[in-house]
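Numbers restart at 1 for each chain; the letters A, B, ... are given by sequence-line order, proteins then strands.
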Number of protein chains: 2
Amino acid sequence: MKILVADDHGLLRDTLVAFVASAGDAETHTAPDLNGALDVVVDHGPFDLVLLDYNMPGMNGLDGLEKMQALEGAHHVALLSGEASRSVAEAALEAGAAGFVPKTLSAKSLVNAIRFMVSGEQYVPVDFLASGTERKDSHPLARTLTMREMQVLEGLTEGKSNKEIARDLNLSEPTIKLHVKTLYRKVGAANRTQAALIAREQGLF
Amino acid sequence: MKILVADDHGLLRDTLVAFVASAGDAETHTAPDLNGALDVVVDHGPFDLVLLDYNMPGMNGLDGLEKMQALEGAHHVALLSGEASRSVAEAALEAGAAGFVPKTLSAKSLVNAIRFMVSGEQYVPVDFLASGTERKDSHPLARTLTMREMQVLEGLTEGKSNKEIARDLNLSEPTIKLHVKTLYRKVGAANRTQAALIAREQGLF
DNA sequence: AGCGCTCCTATCCTTCTGGATAGGTCATTA
DNA sequence: TAATGACCTATCCAGAAGGATAGGAGCGCT
């Protein structure tokens, strides 16, 4: 079994490799970014499984996934991600990814997932599908916000004015201002710029 | 040597513990969030070193660091972070953190850093301090901005008002407004929120 | 029915933003 | 010396943002 772990966090890379190695008969390679990963596959391939960090230099969303899949030496390609975004996971699986692995997973479960994916199955953690209706439930910040407030916050993270957000959501401007205000209290922001930055830092949108 | 690793990414937690355990004589505990970490320290303390993930539920910026430092059982508290933000690192160290550990660090370096911090030193990766002054010269966006505009832009990325920025830089508010306006033209922003988001996306500050 | 919650709308008012314009210093350079 | 460019200050003004407050519709729960 030959797998490649590509992640810009050396800490995760090194420890993960050590763990996988101690857990079974795997030959493991690593890379710190997408280009490095592509090179490794070309030079040392083929690999049974390639794990790509979603937030790694060069990835550019799902572009990186597709580039890797285009190579001969990558039999199965899965995504690894820090924040559990349901929409990204769905898009990845639809694009033919072997799986979507949130970093909140335990190391033991990951080893099982790796075996699963190497044998050709598609892996998604169960509590991911179960949350079906609300993809953002998993997020600490998102839990305290109502649906409308989330929609307004999304507008803020795009640098829109209250008027623009009102138009987008088919609401009146005063309504948006209300949501904006209550939303500030909940996330601890003093103005719209801080709210947008906080949302981005938390990995929302 | 007794250390606590608090991170919401089970994957990192598990593998890191396994690695540290295999590398030396450390007793390691873990927690998935800040409250869990506080409980562990109270119940199983004291710890020689506590590693807190900056983007973990309950952290709320540096509040979590201070809460942990307030406990008797946490001798040294360090921050662990995925994105290497210089300003956060500085603020953390100023608040008395034992260190700032980016996840891009290698596992081997981390083990060394842990020993270093346990013996009472403050740890920061070297390429972190060096990058401060020069990093911004090389940046595409930064080249077109004057020094003042950069300082003002930095204020924007912290969600400050013009008045606050003026106070920080010992300038008058109208002057800030001028820089803000010209800065919008240069980076292609329609308002301060967009300017802040663009700067962050470009990796500035 | 009554209660509590979320959501939508509205008005009043103060402060902040953003744009336009104008005039000043200072250092560098032709 | 004159010109240029970066930087600081200022005033005017329209519009946006933000806070306070209040009322009403819809929904689930007791």
Side-chain angles (χ1 to χ4, degrees), chain A residues 131-137 139-200 204-205, chain B residues 133-134 136-200 204-205:
Chain A
S131 66
T133 46
E134 297 309 317
R135 68 186 165 121
K136 286 165 185 167
D137 275 4
H139 204 285
L141 237 186
R143 260 199 302 275
T144 69
L145 298 181
T146 65
M147 194 138 313
R148 278 301 188 193
E149 286 161 356
M150 282 295 284
Q151 292 174 326
V152 172
L153 181 55
E154 182 168 11
L156 291 183
T157 62
E158 289 162 12
K160 291 178 179 171
S161 67
N162 290 336
K163 195 174 291 183
E164 287 175 314
I165 298 174
R167 189 161 25 76
D168 290 352
L169 299 179
N170 280 316
L171 294 176
S172 73
E173 194 184 343
T175 304
I176 302 302
K177 293 176 76 168
L178 170 73
H179 290 312
V180 167
K181 188 181 40 169
T182 57
L183 176 160
Y184 287 171
R185 264 195 295 102
K186 292 188 180 178
V187 306
N191 53 52
R192 59 179 46 225
T193 302
Q194 284 184 14
L197 292 171
I198 290 171
R200 281 288 177 91
L204 289 167
F205 312 113
Chain B
T133 44
E134 68 178 315
K136 293 169 183 169
D137 293 350
S138 58
H139 205 283
L141 237 186
R143 261 199 303 275
T144 69
L145 298 182
T146 66
M147 195 140 314
R148 279 301 190 195
E149 286 161 355
M150 280 297 282
Q151 291 174 327
V152 172
L153 181 55
E154 182 169 10
L156 291 184
T157 63
E158 287 161 14
K160 290 179 179 171
S161 67
N162 290 336
K163 194 174 291 182
E164 287 175 312
I165 298 173
R167 189 161 25 76
D168 290 352
L169 299 179
N170 280 316
L171 294 175
S172 72
E173 194 183 342
T175 305
I176 303 302
K177 294 175 74 169
L178 170 72
H179 290 312
V180 167
K181 188 180 40 168
T182 57
L183 176 161
Y184 287 170
R185 265 194 295 102
K186 290 187 181 178
V187 305
N191 53 51
R192 59 179 46 225
T193 301
Q194 285 183 15
L197 292 171
I198 289 171
R200 281 288 177 90
L204 261 51
F205 310 112

* If you look at every heavy atom in B:Glu158 and A:Leu197, which pair is closest and at what distance? -> N-CD1, 4.4 Å

* **Separation of C:dT6 P from A:Leu183 CG (nearest whole Å)** => 14 Å

* Asked: Could you state the NZ-P distance from A:Lys181 to C:dC7, rounded to the nearest angstrom?
  -> 15 Å

* Structure fact -> Taken in chain and number order and not counting sequence neighbours, the residues that satisfy side-chain hydrogen bond (donor to acceptor under 3.5 Å, both in side chains) with B:Asn191 are none

Donor-acceptor contacts under 3.5 Å from residues 163-172 of chain A side chains, at least two apart:
from, atom 1, to, atom 2, distance (Å)
A:Glu164, OE1, A:Ser161, N, 2.8
A:Asp168, OD2, A:Lys160, NZ, 2.6
A:Ser172, OG, A:Thr175, OG1, 2.9

* Asked: In whole angstrom, what separates B:Tyr184's OH from C:dC16's C1'?
  -> 11 Å

* Asked: Under 4.0 angstrom, heavy atoms only, what part of the nucleic acid is B:Ser161 near: base, sugar-phosphate, or nothing?
  -> sugar-phosphate

* Please round to the nearest 0.5 Å and tell me the distance separating atom CG of A:Leu156 and atom CG of A:Asn162. => 7.5 Å

* Of all nucleotides in DNA chain D with an atom under 4.0 Å from a non-hydrogen atom of chain B, which is the first and which the last going 5' to 3'? -> D:dA6 to D:dT11

* Asked: When the distance from CD1 of B:Ile176 to P of C:dT15 is rounded to whole Å, what number comes out?
  -> 21 Å

* If you pin B:Lys177 and A:Arg192 to their nearest nucleotides in DNA chain D, which one's is more 5'? -> B:Lys177

* Asked: Going from CD1 on B:Ile198 to OG1 on B:Thr193, what distance comes out if it is rounded to the nearest 0.5 angstrom?
  -> 10.5 Å

* To do: Ignoring backbone atoms, test whether B:Asn162 places a side-chain nitrogen or oxygen under 4.0 Å from the OP1 or OP2 oxygen of C:dT17.
  => yes

* To do: Please round to the nearest 0.5 Å and tell me the distance separating atom CD1 of B:Ile176 and atom CD of B:Gln151.
  => 9.0 Å

* **Straight-line distance of A:Thr157 OG1 to A:Arg192 CZ, nearest 0.5 Å** => 11.5 Å

* **Runs of at least three consecutive pairs that involve DNA chain C, where pairs are Watson-Crick or G-U with distances under 3.5 Å** => C:1-30 with D:1-30

* **Minimal non-hydrogen separation, A:Ala189 against A:Ala195, with atom names** => CB-N, 3.5 Å

* Structure fact -> So salt bridge (charged side-chain N to carboxylate O under 4.0 Å, His left out) across residues 173-184 of chain A, not counting sequence neighbours, yields none

* To do: Please list residues of residues 163-174 of chain A whose heavy atoms come under 4.0 Å from any atom in DNA chain C, ordered by number; otherwise none.
  => A:Leu171, A:Ser172, A:Pro174

* **side-chain hydrogen bond (donor to acceptor under 3.5 Å, both in side chains) involving A:Glu149 - partner list, sequence neighbours excluded** => A:Thr146, A:Thr182, A:Lys186

